[in-house]
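Data first, discussion second: the structure below is written as structure tokens.
Below, chain A is the first sequence line, B the second, and so on; all start at residue 1. Atom set for the values below is all heavy atoms of this structure, side chains included, hydrogens, waters and symmetry mates excluded.
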There are 10 protein chains.
Amino acid sequence: MTQRYAVHMVVALPPDMDPAQRDDLLAREKAYSQGWQRSGHWPHIWRCVGEYANLSIFEVDGNDQLHEILWGLPLFPYMTVTVTPLAAHPSDIAYVPADAG
Amino acid sequence: MTQRYAVHMVVALPPDMDPAQRDDLLAREKAYSQGWQRSGHWPHIWRCVGEYANLSIFEVDGNDQLHEILWGLPLFPYMTVTVTPLAAHPSDIAYVPADAG
Amino acid sequence: MTQRYAVHMVVALPPDMDPAQRDDLLAREKAYSQGWQRSGHWPHIWRCVGEYANLSIFEVDGNDQLHEILWGLPLFPYMTVTVTPLAAHPSDIAYVPADAG
Amino acid sequence: MTQRYAVHMVVALPPDMDPAQRDDLLAREKAYSQGWQRSGHWPHIWRCVGEYANLSIFEVDGNDQLHEILWGLPLFPYMTVTVTPLAAHPSDIAYVPADAG
Amino acid sequence: MTQRYAVHMVVALPPDMDPAQRDDLLAREKAYSQGWQRSGHWPHIWRCVGEYANLSIFEVDGNDQLHEILWGLPLFPYMTVTVTPLAAHPSDIAYVPADAG
Amino acid sequence: MTQRYAVHMVVALPPDMDPAQRDDLLAREKAYSQGWQRSGHWPHIWRCVGEYANLSIFEVDGNDQLHEILWGLPLFPYMTVTVTPLAAHPSDIAYVPADAG
Amino acid sequence: MTQRYAVHMVVALPPDMDPAQRDDLLAREKAYSQGWQRSGHWPHIWRCVGEYANLSIFEVDGNDQLHEILWGLPLFPYMTVTVTPLAAHPSDIAYVPADAG
Amino acid sequence: MTQRYAVHMVVALPPDMDPAQRDDLLAREKAYSQGWQRSGHWPHIWRCVGEYANLSIFEVDGNDQLHEILWGLPLFPYMTVTVTPLAAHPSDIAYVPADAG
Amino acid sequence: MTQRYAVHMVVALPPDMDPAQRDDLLAREKAYSQGWQRSGHWPHIWRCVGEYANLSIFEVDGNDQLHEILWGLPLFPYMTVTVTPLAAHPSDIAYVPADAG
Amino acid sequence: MTQRYAVHMVVALPPDMDPAQRDDLLAREKAYSQGWQRSGHWPHIWRCVGEYANLSIFEVDGNDQLHEILWGLPLFPYMTVTVTPLAAHPSDIAYVPADAG
């Protein structure tokens, strides 16, 4: 069964980081993120307005896979990450009770 | 242009609320929420695991419409609501730069 | 695959609750908790010293099952619950890499 | 429709920043800010007394434009920014209900 | 000299307040607020989206007058109020240095 | 009319600051502070026990003058400053109602 | 030796308190406060603008006397009180080193 | 081996509690506390100045005994309790290294 | 008697740490942790998903031994550690009352 | 009269501090602390388990002396210090009312 999570990532790069190192880091981050987006495991990524931060939705096998994806982010050492596990909401118009699924 | 927001709603009902009043309130909340879901303005609603809370995504005309929808929630007087305005993320595989849109 | 979570539950009962109602509530809570403990899904429950709170470990199918168990707690309306999803730790002497599992 | 936001920006420059770099940065920040003020999109900027911080009001097309303006601030890498979306207030003497506007 | 302040007011009415008492209270609040708006001392009042709260700007003689206005709000006993004193910002296109004013 | 404010200043100097630079900075801070104390605008300065911090009372023309004094502190780049505007208290034995003043 | 403290008191009266009880309580609070002000132990009391709160300065024999005065406040059961012990500040123009006092 | 803990207890009694119930509760609390003080397990209890709170030191067999003592406090349902486990400090003039004890 | 504690450790390594120093540090940390795991004093270590952090359970002689183990962690200077003492929970299906043990 | 205070000190040394400088600093800290312990003014110092922190009790002439002792700590520039003034507790079995002392 697929597990869904909301993940909030805040990035704090040192302002004096070497520009070439920074460009390389951001290029790798983008490629890594887009690879997981294409796999279907990272269906949403939104920018939080006015912040170097994003809110993302992940759909993965479970806790271990989610941790591996996040741990592998090239920007991970510069991030503060908050994970919120999500469940189906009974008021969702697409809701199907688990025992009837 | 449609504006997107993440909205976190935490519900705190008094434990000794009259059961009939509570049932009525929850039925009205569900109907109200599902009406806005069907309109397309409330595309996602997820339960935060272990909490009487949800994380929702809204796509509306802007700040005023979002406030009207939230203010009208039957559970609004019992909620703590946090709104995060969202923008397109440049690493999103569906991203189209605004000036090229 | 089984998912593991740490769950912190803080209880706040009104000090003037009717004693019979309280006794009934606590008896139902204990029976409910022990039922899930016996099922193997709630392998640990510890009291946080000096607090009306516990730290528990759950091993369940995933986010939806965990939410259903917690939502069904007779004390849920009086609780503040915090969920931390857990993954295997690479320094754990019992650790087996996922791709070799 | 124009969207209004309150934005709180707190600046933290390293005390040992090179003075010439600092002067250049602040000159570019001022020019950038005044450009957006003259465009009408940044109608208010106030200093928070005793802090290297400002409270500003923005009137823009929406979330994406606001993010682009803030992201482009020369001081952005040194700022902590908080965005509060605003709606018309029904007690405002200038208030006109949306459906009658 | 006129002093400027940002004031954030969060309202928490008991959900079970008598509707007539509530209507009366809100009518008096609106009249009181609009009286001060017409006097020019309360030039801006905005709704914070998704909250029973407003962000307001006051222009008054000073601390004592601001306190009297806020203390007199019919909703004051139900409010949490935060006051931020504001000064002119040197990047404001309307800025005139004080000693040259 | 004079405005009164409580100001809390917390100082964080880098422990490895050059001793001569530090001595110079502190000497300038002391001279600057004592100049404003002698002017009557900074009537109280107290050390918060166990902290590199002070609680001060300022009596100035208003928000702009207070900000200029604080902004000019030689230690300002190393400080976290919190400003609380104060009004006369009706229980003060020296209290004179404003409208009878 | 006299000890000096800053004390911040925030009052939260239930909005539905009986008006006669409230008037009596506030009259006793005022008389109690003014008695200690006249004794010289409570030299300053200021209103925090926009809040049902005050910032006060006490000069007393020490911790025990301060606690007795605060504990005896008629409003004490409705207050959140924060105490900051103060020492002489070496930049104070009235400062006399302790060992030379 | 005896275990030492610092325990911070904050009491919040409803201001409208029946005076006889309150007197009874406080008398039982005092007797209970003094019983444990006399046993040697509660060697220090100090009042935090200006607060309905105490800081206490406990010397007990371990976590379970400490929890039982605190849980049994007549005021426990009205308290917020924080427990800090303590160890010997190597700079203590009475310090004896554990392996040499 | 064995004492049980939950320990939450958050690691913050400088992103620009020398890779060889980092590898050495992490190898020593792993060996140290696994030594204590094999001793039976560190029965559980779990990764907190999305964080450079773990939640661990310790079973030790008491506060002093726990402190010595944690203080000796090679990563200790880079960690923020939170300790929660645990007691047996009366709803635990394995619970045996202390006085009957 | 002697005044009593609880003082919580958290130490944050840079992990890359020169070992000789660090050893010297810690040796001076220990000597300084033990000097005040022997004077009777620093009767208790305990390690907070799992933290580079201590909880101490001071018995001194008053606020000024306490500040001088703390300010003089060799580790002071690396510490976050919190001071809680303490008074006698009426439930203390050693309590003697002040007016009967």
Legend entry - Contact summary for H:Pro15 and G:Pro77, nearest pair of heavy atoms: CG-O, 3.9 Å

Legend entry - Structural part of G:Phe76 lying under 4.5 Å from a heavy atom of chain H: side chain

Inset, instruction - Identify which of G:Leu70, G:Ile69, G:Val81 forms the greatest number of heavy-atom pairs closer than 4.5 Å to chain H. - result: G:Val81

Inset, instruction - Might you point out which heavy atoms bring G:Trp71 and H:Arg47 nearest each other, and give the distance in Å? - result: CH2-NH2, 3.8 Å

Inset, instruction - Name the option with the most non-hydrogen atom pairs under 4.5 Å to chain H; the candidates are G:Val83, G:Leu73, G:Thr80. - result: G:Val83

